[in-house]
Protein chains: 2
Amino acid sequence: MAKEQTASMEDYLEAIANLREEGKVVRVKQISQVLNVKMPSVTSALKKLSEEGLVRHEPYGYIELTLQGDKAANDVIGRHKALSCFFSQALDIDPLTAEEDACKIEHVISPLSLERLTKLVEFIQACPLGEANFPKRYKYYLEHGELPEECLLTISKTKQSSE
Amino acid sequence: MAKEQTASMEDYLEAIANLREEGKVVRVKQISQVLNVKMPSVTSALKKLSEEGLVRHEPYGYIELTLQGDKAANDVIGRHKALSCFFSQALDIDPLTAEEDACKIEHVISPLSLERLTKLVEFIQACPLGEANFPKRYKYYLEHGELPEECLLTISKTKQSSE
DNA sequence: ATATATTGTTAGGCAAGTCTAACAATATCC
DNA sequence: GGATATTGTTAGACTTGCCTAACAATATAT
């Protein structure tokens with residue numbers, strides 16, 4: 001079973017997978033730029049990840065993820081995507097902030113909470129209330145600080161419902 | 001202006017404020033138990049926080065937050081509460097997991113996202129849809145994996161709405 | 001093909017935060 | 001009030017992850 005990685009090592013794995021995804025050849029320089037660290041930091045991280053069998057890397061050569069490394073990277077990326085999706089879609093946060101928060105929180109959130117966040121996004125997107133659907137009502141609330149008329153109107157209409 | 005604290009130092013501030021809140025006399029031992037670290041770690045953290053003017057602590061004496069320290073601690077605690085509230089109320093997460101996640105995320109989340117999470121909880125609680133209100137619908141979705149009838153029914157009813 | 005620029009590595013230092021072991025102060029208990 | 005238990009501190013080691021400086025390999029360019 002894959003050993004638990006630190007936030008830092010997860011960042012390296014994620015960066016490698018993302019660069020690979022973009023079709024670029026993965027090199028130390030690139031990683032260092034993406035993660036905003038100096039090259040020696042990358043070298044030493046790669047050494048560590050190699051020893052753990054997550055990365056293949058001969059000195060001065062290209063950098064690849066092993067199968068295991070790829071799995072670990074995809075796990076992190078999955079968390080990242082779920083979070084940034086939640087922030088932008090459900091909370092209507094700007095893309096930059098959504099990304100930044102996802103980058104931090106992806107390393108610490110529990111599987112359960114992540115799953116529920118995902119479900120919440122799904123629910124909000126799926127539950128159709130026409131013009132008065134969730135995101136619109138929520139945005140109205142964000143902008144005006146009070147509930148939209150639809151919500152208030154509904155009170156009387158649902159008074160006959162039991163409990 | 002209060003200097004940015006590390007996650008670790010924020011934990012110490014938070015722990016001190018919480019112990020104080022419980023009416024207990026704050027001592028090194030207590031903090032070490034709450035935070036699951038050994039006593040020397042506490043001593044050295046207190047030294048650091050004292051130097052920064054956030055904590056008052058004479059050797060072998062009691063531990064107090066300065067005004068500035070109290071402000072910093074309350075800030076952290078505010079973040080913590082907002083998060084654990086969101087997890088339990090909005091996502092229906094069990095209290096333990098909600099706490100654990102709040103403890104981690106409180107150190108890294110952006111002010112904007114925190115504000116929006118809070119607003120989401122407010123909205124969910126405030127927007128009254130009677131029996132078919134948000135949390136109930138959401139819980140139904142969590143349990144059954146599909147939308148409750150109310151949601152589906154609404155589709156046709158709202159078809160006349162423009163856009 | 002040789003000089004130059006770029007990229008990568010090694011070596012070693014530093015800061016944060018933890019720990020253990022040893023010692024010091026305080027509290028407790030006859 | 002002196003022995004013992006508890007609590008707190010100091011000293012020093014260790015880990016993680018970053019850095020700079022110096023050196024080595026590779027790529028580029030004339």
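It should be emphasised that the depicted structure is a prediction, and the values quoted were computed from it without experimental measurement.
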Q.
If you assign A:Y60 and A:M39 each to the DNA chain D nucleotide with the nearest heavy atom, which residue ends up on the more 5' nucleotide?
A. A:M39
Taking any heavy-atom pair under 4.0 Å as a contact, classify [X]: base, sugar-phosphate, or nothing.
X     : value
A:Y12 : sugar-phosphate
A:S41 : base
A:P40 : base
A:K48 : sugar-phosphate
A:S44 : nothing

Check the distance between [N]'s [atom2] and [X]'s [atom1] and give it to me in whole angstrom.
X     : N      : atom1 : atom2 : answer
B:K38 : D:dT6  : NZ    : C1'   : 15 Å
B:I63 : D:dG8  : CD1   : C1'   : 10 Å
B:L46 : C:dG17 : CG    : C1'   : 14 Å
A:L49 : D:dT16 : CG    : C1'   : 13 Å
B:Y62 : D:dT7  : OH    : C1'   : 12 Å
B:H57 : D:dT7  : NE2   : C1'   : 11 Å
A:Q5  : D:dT15 : CD    : C1'   : 15 Å
B:M9  : C:dA16 : CE    : P     : 9 Å

Are the charged groups of [X] and [Y] less than 4.0 angstrom apart, N to O?
X      : Y      : answer
B:K71  : B:D75  : no
A:K81  : A:E106 : no
B:R116 : B:E122 : no
B:K119 : B:E115 : yes

[N], OP1 or OP2 - any side-chain N/O from [X] closer than 4.0 Å?
X     : N      : value
A:R27 : C:dT7  : no
A:K29 : C:dT7  : yes
B:T43 : D:dT10 : no

Q: Would you indicate which nucleotide in D:dT20, C:dT9, C:dG17 comes nearest to any side-chain atom of A:P59?
A: C:dT9
Q. Counting side-chain heavy atoms from C-beta on, which of D:dG17, D:dT7, D:dT9 comes nearest to A:S8?
A. D:dG17
**Q.** Modelled atom types, side-chain donor and acceptor of A:H80 and A:E99, under 3.5 Å
**A.** yes
